[in-house]
Amino acid sequence: MKITVDFEECLKDSPRFRATVEEVEGDVCELESKLDKLVKLCISMIDAGKAYNAANKQFVNGIRELAQQSTTDEVIESSLTKFAESLQEMINYHTILFDQAQRSIKTQLQTFVKDDLRKFKEAKKQFDKVSEEKEAALIKNAQAPRNKQHEVEEATNILSATRKCFRNIVLDYVLQINVLQSKRRSEILKSMLSFMYAHLTFFHQGYDLFSELHPLMKLLGGQLDQLVVDAAKEKRDMEQKHCTIQQKDFSNDDTRLEYNVDTDNGIAMEGYLFKRASNAFKTWNRRWFSIQNNQLVYRKKFKDTPTVVVEDLRLCTVKHCEDIERRFCFEVVSPTKSCILQADSEKLRQAWIKAVQNSIATAFRDKGEDAEKLDRKSSTSTGSLDSGGEPKERSLKGESALQKVLAIPGNACCCDCGQPDPRWASINLGITLCIQCSGIHRSLGVHFSKVRSLTLDTWEPELLKLMCELGNGVINQIYEARREELGARKPQPGDPRQEVESYIKAKYVERRLVRRPSDEQLRTKVVSLSKQEKRLSTSSEHLPPRPPPPTPKLRPGSNASAVFSASIKSADSGIQNSADGSREVLTDVPADGNNLPEAGRTPRAGERVFYEPKEYSPGLQLYWASFARSLPDMAEALAHGAEVNWVNTEDDKRTPLMMAVQGGSLVTCEFLLQNAANVNQQDAQGRGPLHHATMLGHTGQVCLFLKRGANQNAADIDERTPLTIAVEAANADIVTLLRLAKMNEEMREAEGPYSQSGDETYQDIFQDFTHMASNDPDKLNRYQQYDPQS
């Protein structure tokens, strides 16, 4: 195989160059061994051939003697003489064959091994020596303290001289490598072709056999001629390039580094940096750093797996670091950790700082299929649940995430441009996307779209169910409702990126194509969802058994909303809906009408008290849709401008997330959290979603909220924390989870400010609970009788 080394790459002395050199050196070593073996075998063959010819000559002489003895028999004499002449001719051809073998294989290949490979080894020794000297000079230059100018100047001068020497040696070494790689082809092929032609001449009787091989040999001979011409041309070109590079001005020894976000391999910038370790000794190690796909990574060797320093450069800052002894240092600070790096010069430090700043300011750009392979951790910025990586978490009912999601009608093509076979998804919108549209969605920001890979990322069961309950058809009916009316053109596969990006921004950011509902339509929608809520409250297989609610009493001077709030504090058990969508509370006093009782008067038995909302809004639609577990209606409410943390002042200041808890659906809670719902927002009783999930015994939701950072130490107006409520309810599962979460939080605090995961056992237990809550909710229906008013 032809292995060439680029002259420009060798000047960088990159791990890629080192890996190529190691591959070449190993190949040359193996080549030398094979050539030595072949030469020895050729010598053995020639010696055996000479012995065969000597014995054959004696045999021919015996035939001649027999012919001379048979002079009286002319037929025998003439035949034996002709046979002897033919055999002698064969012996002569044998001699020519072995002589040609000695010239073409033994002599020629021995010369190639002794001359060309010897030059390569000498060049390698010089290269290894000067590489060690350069490495020592770099280390000495990096260790020179800033306050000792003479040591700095001495180290700089040594480094400059060593670099110049290294460049000359490495250029010569690369030239020798390329010449050797070019020459080996012609030498080996030429010697073998000459030897095969000798066989062709020798085997007159085997011409038919060689005639089948002859076209191939002629073709090889023609290729060899062209190879010789091409090799001579390549040699001249390389010598000219070698001379041109040597004539360049290397007075500035700094490597020229430029930030280029549009590189084919996804690497925007790369080069050597010293990295300070996070251990107690604070040691410095020189590593090859690169910026690729908005990540800062490094490696020690070219074939090593890159170590990610910063997961997403857009979430970090970079600054100069002047408070340490070393020069040219800068610091990259992310939300989870800090990394101190050192460049070889001030110019290189400024180049790296500028590159990091450009990455922070540059939006994600697609690089075709390569971007999909490089961006294996792109879903970490979406704020989704931590994935456990277990096979059971990757699939639902044995199907992969890709198969499950694409099976939904409309999901087999990109939601925005129609590209078939999408491989990406927006988990907060519930749609599938092609690679180009996924890049555009990333550029919108996670507050509009959170992108995940259907093939590279792990998928939690609740996220898969979320995707399956929405889909491209549902979302397009909402976000493209007015497309035909406005005459907007939907992008097609292959359209320019600018057109697709403009359409996606108009669709999701500006929401120009969304049809705004009238007041009557909105009221009808809310009434319909209220009726769904009533049916769900009586016939839901997902909800655990509810305790009987406390009977609300209407005290003198109290208002309707107070009674309504008191009635829903235990899972909305006492709330029903009237035919027109208004809220009502059934009381145990006599009734004589349908109007609100006057202040100070106790309602009579059977009297129904109605509570009409003050106004109908998208927030109210989201509120009731969350309880009704209707994800399409929730998505529609958000598209119409509903605030995900909307507060119902008429309902104890509850939020849609709290109503999703009351509805008992883990997928509904997941949808709201993916759309930035506040997991710690409290109602009028000081209770957050975690309080409500604990009171209702929804273990899966408790896991979900704890994993999303719910404050388990928050207390309600009765000074009860979720743990207190779980203990009183004797719910062992939730008590265990809350205590494990507390232990994990304490472990993270003990590990320091940059710890991320905490205890692995804690993560495994939570994954098991959330998986069970998604696939086997009946196993978690262990609700105990509990009265929050007690």
Side-chain angles (χ1 to χ4, degrees), residues 1-14 16-32 34-35 38-39 103-105 107-131 134 163-197 216-253 255-256 264:
M1 184 181 71
K2 181 179 179 182
I3 303 175
T4 58
V5 183
D6 185 69
F7 286 103
E8 294 292 344
E9 186 71 21
C10 76
L11 293 180
K12 297 181 184 179
D13 192 21
S14 64
R16 189 182 298 107
F17 165 71
R18 290 286 183 170
T20 305
V21 168
E22 289 181 3
E23 186 178 358
V24 169
E25 291 172 355
D27 183 68
V28 171
C29 181
E30 184 178 1
L31 174 66
E32 182 180 10
K34 299 297 183 184
L35 290 177
L38 183 62
V39 170
R103 288 194 302 270
S104 62
I105 296 182
T107 305
Q108 190 168 340
L109 293 184
Q110 275 185 338
T111 303
F112 175 72
V113 172
K114 291 180 179 179
D115 295 343
D116 298 274
L117 294 185
R118 179 178 55 80
K119 293 179 182 178
F120 172 83
K121 291 180 179 180
E122 291 175 356
K124 179 181 181 301
K125 290 181 180 178
Q126 294 180 355
F127 171 75
D128 292 340
K129 180 179 179 181
V130 76
S131 295
K134 178 192 171 186
R163 277 178 169 166
K164 290 180 181 179
C165 179
F166 176 80
R167 283 190 172 90
N168 293 329
I169 295 299
V170 75
L171 286 172
D172 292 340
Y173 186 42
V174 171
L175 176 63
Q176 185 64 35
I177 288 175
N178 291 333
V179 171
L180 179 63
Q181 296 299 329
S182 177
K183 192 174 181 180
R184 63 183 284 187
R185 296 175 297 173
S186 60
E187 290 295 327
I188 294 174
L189 291 177
K190 184 188 297 183
S191 62
M192 289 306 302
L193 187 62
S194 176
F195 183 68
M196 294 303 296
Y197 269 114
L216 176 61
M217 295 169 59
K218 289 182 64 176
L219 178 61
L220 186 58
Q223 292 177 351
L224 177 59
D225 294 338
Q226 186 62 39
L227 284 174
V228 173
V229 175
D230 293 342
K233 183 179 178 181
E234 290 177 3
K235 182 178 180 181
R236 288 195 302 270
D237 293 341
M238 287 185 289
E239 288 175 347
Q240 292 176 1
K241 192 172 184 180
H242 178 264
C243 295
T244 303
I245 295 177
Q246 278 189 328
Q247 293 172 1
K248 286 186 177 181
D249 181 15
F250 294 109
S251 58
N252 184 4
D253 291 326
T255 305
R256 292 177 174 83
D264 294 335

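Please read these numbers as outputs of a predicted model, since none were measured by experiment. Numbering starts at 1 and runs along the sequence shown.
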Show the numbers, then the answer: is there a side-chain contact (heavy atoms from CB on, under 4.5 Å) between Val24 and Phe120? CA-CA 11 Å; Val24 169; Phe120 172 83; 4.3 Å; yes
Run the side-chain contact (heavy atoms from CB on, under 4.5 Å) test against [X] and tell me which residues pass, sequence neighbours left out.
{"X": "Ala231", "value": "Ser182"}
{"X": "Lys233", "value": "Arg236, Asp237"}
{"X": "Glu122", "value": "Arg118"}
{"X": "Glu187", "value": "Gln108, Phe112, Lys183"}

Would you say [X] and [Y] make side-chain contact, with heavy atoms under 4.5 Å?
{"X": "Glu234", "Y": "Met238", "result": "yes"}
{"X": "Ile188", "Y": "Leu31", "result": "yes"}
{"X": "Leu35", "Y": "Gln110", "result": "no"}

If the condition is side-chain hydrogen bond (donor to acceptor under 3.5 Å, both in side chains), which residues does [X] pass it with, not counting sequence neighbours?
{"X": "Thr111", "result": "none"}
{"X": "Ser186", "result": "none"}
{"X": "Asn168", "result": "none"}
{"X": "Glu239", "result": "none"}

Report the distance from atom CG of Leu109 to atom OG of Ser191, rounding to the nearest 0.5 Å. 4.0 Å
Test side-chain contact (heavy atoms from CB on, under 4.5 Å) applied to Asp172 and His242, step by step: CA-CA 8 Å; Asp172 292 340; His242 178 264; 2.9 Å; yes
State which residues pass salt bridge (charged side-chain N to carboxylate O under 4.0 Å, His left out) with [X]; sequence neighbours excluded, sorted by chain then number.
{"X": "Glu32", "value": "Lys121"}
{"X": "Asp128", "value": "Lys124"}
{"X": "Lys134", "value": "Asp13"}

How close do Val130 and Cys165 get, counting heavy atoms only, and between which atoms?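 Shortest heavy-atom separation between Val130 and Cys165 comes out as CG2-SG, 3.7 Å.
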For the pair Ser194 (side chain) and Lys190 (backbone), establish whether a donor and an acceptor sit closer than 3.5 Å, ignoring hydrogens and angles.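 Here the side-chain-to-backbone pair does not exist.
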